[in-house]
Amino acid sequence: MHLEVRVPERSSSETQVVMADVQTGAAPPETRETTEPLDLVRLSLDERVYVKMRGDRELKGKLHAYDQHMNMVLGDVEEFITVVDVNDETYEEIVRTVKKDHEMLFVRGDGVILISPPTRS
Amino acid sequence: MAELDDSFSGSKMDELLEQRFAYGNPEDDLGDESEGGRLLALEADNEDLNDETFGDVVADREKLGSYNRSLVRIRSLQVTIVVSAGDDFDFSAANARIANEQPNSHGQYGGQINHPREPRAEQIHGNMQQRIPESMHEQMRGSYQEQWESDQGAASSRRPSELSKDPYMNMAHQYNQQQHGYPMQQQPMSLEEIEAQMLQKSRGDGRPVHPHDGRPTRDAHGPPGYEPPDMYGPPNPNRHPLSVAEMEVALRAQRAGNMGPNGGTQGFHQHGAAMVMAVRHIPPPQLGRPTPNQMEMAEAMRRSQSPRIYPEMDRMNDGQNMRGQRPPMQLGHFLPQQRGQVQNLPQGYARMDQNSQRYPNDRRMYMDNRPDIRTREEKYKGTMNQYEKELIAKIQISQLVTDNPYRDDFYYIVYTSLTAANDASSDEPGKAAKPGLNWQQSLLLDQTRGNGPNVTSRMQQQMQRLIEGRKAKPKGNSLSLEGALGKISLSSVRNPRQLLQVNGPGSKDGKENLPTPHNPLLTPKQLLKRIESVYSEVLELEILKRAGPIDDDVESWNTQFEEHREKMWKGLGVAEPVPLHYPHPFAAFLGFGKGKKVIPRVFRFLTRDQSLSLISTLLSRLESLDVCQSTASANQQDVELFMSNVVPTVVSVIMEVPLFVVNACMRILLERHNMVWLAKSKPGLAILTMFLSRAEMVKQGAGGPGFQVAEQELHMWTEIYNFLFASLHNNFASLFPSSANPDVSVNVASDVYVWQFLAALAVGATTVDHQRVLLTEVRDKVLETARRTEDAKALANVNLFLNALGLGIDARQLVNMSGL
């Protein structure tokens with residue numbers, strides 16, 4: 001079942017999770033007019049995003065949910081891991097990319113470096 | 001030390017190991033040296049030694065007197081002694097032990113009166129790890145040496161005349177005298193000594209048990225690496241050659257015996273002798289079951305001093321292969337597994353010894369070393385009983401109990417309600433056992449109570465009490481103890497640590513909100529912002545709707561409701577008067593997937609007028625919709641989204657609408673768009689179909705009660721219909737996307753809409769001409785589709801159309817009729 005949920009943003013004292021498109025709402029009303037940095041991430045909800053992460057990893061997927069820690073739920077994700085192999089003898093460095101696919105992925109926020117719309121390439 | 005080298009050969013090691021702790025005939029090792037090669041024996045006064053004998057390190061050992069210096073210099077070689085640094089001569093310890101002693105009635109020291117024949121298994125066993133002070137070691141050697149030497153000539157004499165006292169006691173006496181000045185009691189030569197002599201004799205003639213001589217024992221003197229100056233003095237007549245093995249054994253026995261609270265020296269000697277004797281001469285019957293004594297001795301000997309011994313023993317065996325002459329019985333005191341190792345490993349004995357040192361648990365052969373392969377469940381089953389498990393679970397769950405699940409546990413609630421709604425139809429036995437209880441309560445529920453009438457309410461009372469109790473003692477955000485510096489912040493699910501300092505709304509620095517230039521062309525960012533704002537409002541409205549007026553305050557509820565609805569409407573941008581040649585924001589709104597998805601939810605809160613307005617805007621802007629573009633740019637997914645979200649919503653509205661509304665809508669469509677183009681897109685087709693069918697419904701009186709179809713409307717409708725038909729004339733066949741796309745699988749699905757549209761057209765046909773034209777144009781298509789009898793869906797589509805035509809035939813008949 002394809003369940004998508006969007007919850008209004010709450011005051012900072014409560015845990016915030018913002019996801020896409022819910023059938024029923026929940027929290028007490030508090031909508032902000034000003035744009036905070038995280039609001040920009042909100043604009044990317046339900047869109048494909050490019051996430052750069054620690055450990056030389058990059059993700060491209062559809063952003064389903066995020067929160068103030070930048071924990072994210074991504075769908076249809078392609079993960080690119082950049083690996084540098086060093087030849088023992090010649091000290092030659094070979095850079096290669098490992099690609100993995102995930103149908104649904106939860107990303108812990110402290111590994112996220114940046115989020116952006118995907119580069120059209 | 002010229003002749004000292006450590007070129008051990010395998011065979012030598014074999015030998016050594018065989019008599020591992022029953023040290024081989026030391027004389028064998030001395031074979032290459034003449035009779036002159038003897039161990040420096042312990043002498044009574046060590047007069048031949050001086051301060052320089054052993055170098056500086058030894059000098060401080062003088063405190064123990066000359067005995068300490070009379071080291072048995074075993075011809076040890078470059079053996080690294082496993083001696084803990086700085087701990088070689090445990091003089092102080094030994095001294096301390098003895099220093100505090102007072103001789104008992106027999107002038108003996110030690111907590112126990114050491115009878116020579118008494119096995120001191122317990123002591124040994126308990127204190128195997130300690131080291132016997134070197135002094136004792138040397139003393140033992142010396143004593144044995146003395147004894148052996150004295151027994152050389154004597155056949156069976158027991159007490160050497162030259163020794164006024166028992167050699168052991170002589171030594172011990174002197175030792176103790178030096179220490180404490182207490183005279184030692186003389187003791188007769190022990191049985192062990194006798195045995196030693198016998199053993200020596202059994203070893204063969206001419207090989208007196210001579211200890212090495214003349215070579216200082218490196219290991220005896222200090223940390224590894226220290227090499228006292230070599231001393232090859234002439235054999236001291238007082239030095240009694242004693243097999244190194246024996247001395248080691250004795251030493252260990254001594255050490256073992258020394259472990260007692262007050263190790264008595266005398267007992268050590270005797271006991272050591274006992275051990276030595278026992279080791280050296282084990283009668284065959286004992287082979288199978290070594291006595292504890294022997295076991296302990298074997299243990300002791302295997303300990304730290306043994307690495308030192310091996311090279312010595314190798315040295316001792318230099319030049320002579322005594323393997324054949326070793327009494328096989330000496331193997332008896334090996335553990336069976338070690339024996340096996342001995343035979344299998346020509347090299348690496350030292351390693352093995354170190355292994356056994358590392359794992360000194362010698363009961364391995366009696367232990368069950370099978371791996372525990374039980375599953376984790378089997379291993380730990382029964383650790384806690386049911387009550388305990390439930391108690392722990394309750395403690396954990398009680399922390400999670402909440403009075404407002406929608407706030408604390410939102411996603412789970414929504415998920416369960418949705419899945420329950422889905423499963424309500426399919427599942428007969430519902431899984432929701434207890435009504436009105438959330439999962440925490442049901443888990444905490446006492447299952448033994450059974451289904452009472454008040455289960456739910458009782459449970460909820462309990463929950464309330466829990467929650468109240470928890471609220472009554474707030475722990476706060478941070479913890480600071482008295483006298484401690486700093487605060488510890490307690491962060492939990494309810495109280496997450498704030499990572500960013502963000503200025504919230506309304507906390508501006510006083511800057512004015514500068515008016516932003518308004519551009520009718522919305523950037524994608526602005527569009528997205530709008531969409532998100534619409535979402536927010538929708539959510540608020542839903543909350544309001546769910547919660548209902550709080551405390552019956554309908555007024556404020558209403559105002560709030562209206563407020564949000566207005567904002568939502570504004571966000572939609574439907575009402576904005578945008579000139580027709582400008583792109584409408586609403587059309588762009590629907591360009592995003594999430595924009596499409598929010599429409600059904602928006603509609604629930606729109607007034608009738610608003611919804612009609614929305615629809616009309618939608619219709620007038622159809623051509624700018626992304627989904628209505630040509631198939632090249634239109635995304636399949638987006639089209640699907642549109643069809644599944646927007647269209648049904650509109651349909652539901654239209655189905656309630658009178659004919660004149662339909663007319664108006666159709667007119668918008670016809671004026672604004674090219675029908676052919678419109679009919680080529682799925683949404684357009686769907687919309688047209690919708691209107692057509694609605695019109696027919698109204699015409700046939702199925703529009704609902706009280707719907708009077710005015711003549712004018714009908715007339716208008718007929719005109720519209722004709723107009724539509726005329727514009728599609730000659731193009732019906734091209735409506736089918738399958739003609740452009742040879743892919744069969746896609747076609748059937750997309751053809752459905754076309755067939756539906758055609759059917760709707762056919763139903764609404766006002767004249768026979770229409771029908772004829774329709775049939776003619778799509779005839780080929782009909783036939784082709786009808787021929788695909790294997791495809792049920794295609795057949796259904798065709799039949800739909802044919803039925804709509806009212807010809808009264810179905811696909812099969814048509815095919816037959818055509819003769820194909």
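Just so we're on the same page: letters track the sequence lines, and every chain starts at 1.
- In this structure, B:Tyr535 OH and A:Asp46 CG are separated by 6.5 Å, a value rounded to the nearest 0.5 Å.
- Looking at B:Lys545, neither its backbone nor its side chain comes within 4.5 Å of chain A, counting heavy atoms on both sides.
- Around the CD atom of A:Glu103, the shell of radius 6.0 Å holds no more than 12 heavy atoms that belong to other residues, nucleotides or ligands.
- Residues A:Ser44 and B:Lys594 approach most closely at C-NZ, 4.1 Å, considering heavy atoms.
- Two residues are said to be in side-chain contact when any heavy atoms from C-beta on lie closer than 4.5 Å; A:Asp39 and B:Lys529 fail this criterion.
- Proximity of A:Glu47 to B:Pro524: side-chain heavy atoms (C-beta onward) are nowhere separated by under 4.5 Å.
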Exercise for review: Dump the intermediate steps for side chain to side chain contact (heavy atoms under 4.5 Å, CB included) on A:Arg42 and B:Leu528, then the final yes or no.
Suggested key: CA-CA 9 Å; A:Arg42 185 181 179 168; B:Leu528 286 172; over 6 Å; no
